[in-house]
Visitor: 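Quick one: the structure is below, questions incoming.
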Amino acid sequence: MAARGALVVRPGAMGPRSLAEDPARAARIAEALSCWFRAHARDLPFRRTRDPYAIWVSEVMLQQTRVATVVAYYERFLARFPTVEALAAADEDEVLAAFSGLGYYRRARLLHAGARCVVARYGGALPRDEAALRTIPGIGAYTAGAIASIAFDRPAPAVDGNVARVLARLDGIEDPAEQVAGRPGLAARARALLSAGRPRVLAQATMELGALVCTPQAPACDRCPVAGACHAHRTGRVDRIPAPRRRPARPQARFVAAVLRWRDGVVLERRPAGGLLGGLWCPPLAPCRARVRPRAPARAVADRGLAVEWTGSAAGWVRHAFTHRVWLVAAWSGELRAPPPESGALVVWRPGEAPPGGLPSLARRILAHAGVEAATKDGGTAP
DNA sequence: CAACCGTGGCG
DNA sequence: TCGCCAAGGTT
């Protein structure tokens, strides 16, 4: 990349000099961002702490999840698991219960494993070093950078969707949305930006700008503190950066859910670990066709050794859209004639008491559809 | 490395 | 109603 001669014009010569190569520009942007953030930052609970563990929890919850959704979960989680030691000592079902409704439940199990790792290897104190952070389960490139910068004020890049979009627009990079975050060079730009001021402030300021001003659609450039330094703004390409992502069609599948009552409870089954909703509890499911025939609900209970008297059939479908597939679930109600086998995969849960573990939104929807009063989302006991 | 893994809000 | 999307990590 060394200059072979002043007369050689680089392809990007008409654009800005990259933030990574232009310290003066990085400094100007850093100053404007810091100033803006001090005036406009939202007051969020995870911004009121410098406890690295609390920041870690918040960053995990915020993965692919909106701030508005996370706040209540974050506060409940820290009340229940106030320290990394408390989390490490917890049962996995408790942790999954605390994540019930948040989605992407593997991150709850990884956070739990990460807590045990931090207690075992680091004496309960998160390492400050980005590379060491990355070795902890559930902490990838982004989260390592976020903890290092926000908790420890180190210039470690934390390139999430927001930061990728802000940096891509600042430097006029027209990559598709699904590629831009992983683009080599963005991390270098982010590092240069953080190094131009206080990393703790700048990391959050860049994300906050992306969330509040430099939004994917209809960005508010008239309110942007760095619009004057933005190449996409100057060239009228803000609405084309990043390029829209292509999304594959979501295949659809149909299931029958057996909503089985035993005394004042309902039967739940632990889903196999690893897959969709792995490790969480749900009414027993069996695949079925577009028209539900009694054989389908019968199959849902026969394999599990349950003797059932059906008391109602499905009225309509529960449509549940996951990220990459859609499920249509028909709920069939029945009553057990004998207690369920104590095999371990099945439990009888009394709504109003604490669920046996994680209860995904899909399970709540199925139960509600079948007339079972669902529990509160925190996995705690309902009044 | 592309596929997999949730959910709720919004237009 | 439906597609889009939001502070990613793992395999």
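Note that the coordinates shown come from a computational prediction; the quantities given were computed from them, not determined experimentally. The sequence lines fix the lettering, A, B, ..., with proteins before strands; numbering per chain opens at 1.
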Visitor: What's the closest nucleotide to the side chain of Q63(A) if the choices are dC5(C), dG8(C), dT7(B)?
Guide: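 Nearest to the side-chain atoms of Q63(A), counting from C-beta on, is dG8(C).
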Visitor: Are any of H324(A)'s side-chain N or O atoms less than 4.0 Å away from OP1 or OP2 of dC4(B)?
Guide: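 Checking dC4(B) against H324(A), no side-chain N or O comes under 4.0 Å of OP1 or OP2.
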Visitor: Let's see if you can work this out: which of dG8(C), dC2(C), dT7(B) has an atom nearest to the side-chain heavy atoms of R319(A)?
Guide: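 Nearest listed nucleotide: dC2(C).
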Visitor: Below the 4.0 Å mark, does dT7(B) have OP1 or OP2 next to a side-chain nitrogen or oxygen of Y73(A)?
Guide: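 No, outside the criterion.
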Visitor: Scan T65(A) against the nucleic acid and name what it touches under 4.0 Å (heavy atoms): base, sugar-phosphate only, or nothing.
Guide: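 Base contact.
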Visitor: On the nucleotide dT7(B), are OP1 or OP2 found under 4.0 Å from the side-chain N or O atoms that H320(A) carries?
Guide: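 So the side-chain polar atoms of H320(A) do come within 4.0 Å of the phosphate oxygens OP1 or OP2 of dT7(B), strictly under.
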Visitor: Relative to the 5' end of DNA chain C, which residue comes earlier, G138(A) or V67(A), by the nucleotide with the nearest heavy atom?
Guide: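 Whichever sits nearer the 5' end wins; that is V67(A).
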Visitor: When we call it a touch if two heavy atoms are under 4.0 Å apart, what does I147(A) touch: a base, just sugar-phosphate, or nothing?
Guide: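 Answer is nothing: I147(A) stays at 4.0 Å or more from every strand.
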Visitor: Is P248(A) touching bases, backbone alone, or none of the nucleic acid, heavy atoms closer than 4.0 Å?
Guide: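 Touches nothing.
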Visitor: Which nucleotide sits closest to the side chain of R325(A): dC4(B), dT7(B), dA6(C)?
Guide: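 Selected nucleotide (nearest to the side chain): dC4(B).
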Visitor: Does the ring of Y73(A) carry R76(A) above it, NZ/CZ under 6.0 angstrom from centre and within 45° of its axis?
Guide: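 So R76(A) does make the cation-pi contact.
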Visitor: Among R189(A), R17(A), H231(A), whose side chain to side chain donor-acceptor pair (under 3.5 Å) with D171(A) holds?
Guide: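 Testing D171(A) for a side chain to side chain donor-acceptor pair (under 3.5 Å) against R189(A), R17(A), H231(A) leaves exactly one candidate, R189(A).
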Visitor: Could you tell me whether the phosphate oxygens of dA6(C), OP1 or OP2, come under 4.0 Å of any side-chain nitrogen or oxygen in Q64(A)?
Guide: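 It does not, given that no N or O in the side chain of Q64(A) lies less than 4.0 Å from OP1 or OP2 of dA6(C).
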Visitor: Quick one: pull up CZ in R28(A) and CG in L19(A) and give me the separation to the nearest 0.5 Å.
Guide: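 So the CZ of R28(A) and the CG of L19(A) are separated by 9.5 Å.
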Visitor: So, is the end of the R254(A) side chain (NZ or CZ) under 6.0 Å from the ring centre of W317(A) and within 45° of the ring's axis?
Guide: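 Pair R254(A)/W317(A) counts as cation-pi.
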Visitor: Among dT7(B), dG8(C), dC4(C), which is the nearest nucleotide to the side chain of T143(A)?
Guide: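 The closest nucleotide is dG8(C).
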Visitor: Heavy atoms under 4.0 Å, any strand shown: does R42(A) hit a base, just sugar-phosphate, or nothing?
Guide: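 Base contact.
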Visitor: Taking 4.0 Å as the cut-off, does a side-chain nitrogen or oxygen of R66(A) come that near to OP1 or OP2 on dC10(B)?
Guide: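 For dC10(B), OP1/OP2 do not have a side-chain N/O of R66(A) under 4.0 Å.
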